[in-house]
Amino acid sequence: MKTPNHNLSLLTDLYQLTMAYGYWKNGWMDKEAAFNLFFRKLPFGGRYAVAAGLESVCQFIENFGFSDEDISYLATLKGNDQKPLFEKGFLEYLRKLEFSCDIDAVPEGTLVFPNEPLIRVMGPIIQCQIIESTLLNLVNFPTLIATKAARIVEAAGDMQVLEFGLRRAQGIDGALTAARSAYVGGCAATSNAMAGRLYGIPVKGTHAHSWVMSHDTEQLSFNAYAQAMPNNCIFLVDTYDTIEGVKKAIETGLSLRQDGYEMVGIRLDSGDLAALSIEARKLLDEAAFPDAKIVASNDLDEYRILDLKRQGAKIDIWGVGTRLVTASEQASLGGVYKLSAIKEKGAWRYKLKLSEQKIKISNPGIQQVKRFYHEGIPVKDIIYDELTGIGVDGGKELLLPVCRNGKVVYELPELDAVRENTLSNVLKFTQNPDAKIGGSYRYPVELSGKLSELKKRLIGENSTRVFFSQT
């Protein structure tokens, strides 16, 4: 299996390369352009999204370049006339191409909102175009899963959430990316051992139903597991009869204690989780196991967790799998990547996409976002054009320098720091009661006055022939 550091330059849609060929053919290779990566709607009908994927973007940029094998493959592609799709000169251009764009991006773990640029790319248009599909791939899915994880962790409150989704994830990369993104979103650990090795995420897990079923009795299975791994005993108690399983786990736990070990807890994976957890807690406490944890799994998500908590469930740790790593009710983030300006003869020519659907009309300009706070709590974001928005005073710029002249300048934080950033940001955001799951709060995101006027003018003229001097 190839690691995330593998060269991904050919991980792109063919039309990016055909457009690149057109730019090359017409001598536009070095024309400067600005593109923005953003999404139009918040996922899950929620109130925020969590930016993720920037580390993979940095790795992609650091390894950008078309290999001899890539060029040989592209040389085999043919047009409808069965002649080579690309000229040899263009392929040689790609072989020698060195990335030279500037990239600014929102750090991972930042809460982000519709139409705000998560990534801004500026440089030769041919390069900006070639990396479009790759950037979207590296940002869309991680941001979706980090957001889902943050919602689940928010619902769980002070209780831990473990990511258990490997077996239901969409392929190998889906499983690894989901595990990392779930940790970015606030999950405490993963069951995925490879994700643990690659990313340094804590790993958790004990045994499955097959372990119990492979023994003559449930009691024997618990005893055998305790003998094999006395320091890792969370017993899965619902193979036959859950409450009887809890009682047997207690018996094994008492034997463990005599040997100087302590039972970590039990896991519930089916049935009425609220009622079973309440009864299990009572049995554990009566048997002098007040610190034994009750872990719950079985198709959990933020809504199910909130419902179980409302029922008074005595659950300490939530194991969430399928509905987290597949993002359950939402197939994709829907991020897009749009041209917003082209530089010609020392001046920027602003661009926007027009549509009969208002939501699909893009914003023009060299975009930056400022976030404004009151007593440490975010209260408003303003999107502005860096060339004309000098009057946007105060606030904190969200897009930070990531790449300059093709070289990564951003110092990637440790993954634990990214996770803490997410948890801190969600906590601040949800101090407003209406900002919690199911609330009606909608965080305000505005265009600056100048950018709003520019956009209206461009729409009104149905044209992009508006120029501003760089100075």
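Position 1 is the first residue of the sequence; numbering continues from there. Values below: all heavy atoms of this structure, side chains included; hydrogens, waters and symmetry mates excluded.
Taking a cutoff of 4.0 Å between a charged side-chain nitrogen and a carboxylate oxygen, Arg95 and Glu92 qualify as a salt bridge. For the pair Arg404 and Asp104, the salt-bridge criterion is met [side-chain N within less than 4.0 Å of a carboxylate O]. Ion pairing between Asp307 and Arg304 holds under the 4.0 Å rule for side-chain N and carboxylate O. For the pair Glu154 and Lys436, the salt-bridge criterion is not met [side-chain N within less than 4.0 Å of a carboxylate O].
The neighbour count for Tyr441 OH, taken as heavy atoms of other residues, nucleotides or ligands under 6.0 Å away, is above 12. Atom NZ of Lys204 has 12 or fewer heavy atoms from other residues, nucleotides or ligands within 6.0 Å. Atom NZ of Lys78 has more than 12 heavy atoms from other residues, nucleotides or ligands within 6.0 Å. More than 12 non-hydrogen atoms from other residues, nucleotides or ligands lie less than 6.0 angstrom from NZ of Lys353.
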Could you walk me through whether Tyr183 and Asp416 pass the side-chain contact (heavy atoms from CB on, under 4.5 Å) check?
CA-CA 8 Å; Tyr183 194 66; Asp416 284 342; 2.5 Å; yes
Between Glu132 and Gln129, does the side-chain hydrogen bond (donor to acceptor under 3.5 Å, both in side chains) criterion hold? Intermediate values first, please.
CA-CA 5 Å; Glu132 172 181 353; Gln129 196 74 71; 3.0 Å; yes
Give the intermediate values and the outcome of side-chain contact (heavy atoms from CB on, under 4.5 Å) for residues Glu87 and Tyr93.
CA-CA 10 Å; Glu87 293 180 30; Tyr93 172 84; over 6 Å; no
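Minimum heavy-atom separation, Ile125 to Ile342: CD1-CD1, 4.2 Å. The minimum heavy-atom distance between Cys128 and Val121, with the atom names listed, is SG-CG1, 3.8 Å. Contact between Ile305 and Trp318 at its shortest, heavy atoms only, is CG1-CE3, 3.7 Å. The two residues Leu306 and Ala155 make their nearest non-hydrogen contact at CG-CB, 3.8 Å. Of all the heavy atoms in Leu42 and Val112, the pair that sits closest is CD2-O, 3.9 Å. Nearest approach of Leu352 to Ile459, heavy atoms of both residues: CD2-CG1, 4.2 Å.
Rounded to the nearest 0.5 Å, atoms CD1 (Ile103) and SG (Cys58) are 8.0 Å apart. Note: Thr430 OG1 to Asn425 CG = 10.5 Å, rounded to the nearest 0.5 Å. Atoms CG and CZ, on Leu37 and Arg120 in that order, are 13.5 Å from each other to the nearest 0.5 Å. A distance of 12.5 Å separates OH of Tyr350 from CG of Leu339, quoted to the nearest 0.5 Å. Note that CD of Glu32 is 11.0 Å distant from CD of Gln127, once rounded to the nearest 0.5 Å. Atoms CG and CG, from Asn140 and Leu135 in turn, are 10.5 Å apart once rounded to the nearest 0.5 Å.
Residues satisfying the ring-ring contact (aromatic ring centres under 6.0 Å, His included) test with Phe90, not counting sequence neighbours, are Tyr21, Trp24, Phe86.
Taking the six-membered ring wherever Trp is involved, the centroid distance between the rings of Tyr48 and Phe429 falls below 6.0 Å.
There is no side-chain donor-acceptor pair under 3.5 Å between Asn137 and Thr134. For the residue pair Asp269 / Ser297, a side-chain donor-acceptor distance below 3.5 Å is found, with atom types taken as modelled.
Both the sub-6.0 Å distance and the 45° axial angle are satisfied by Lys148 relative to the ring of Phe44.
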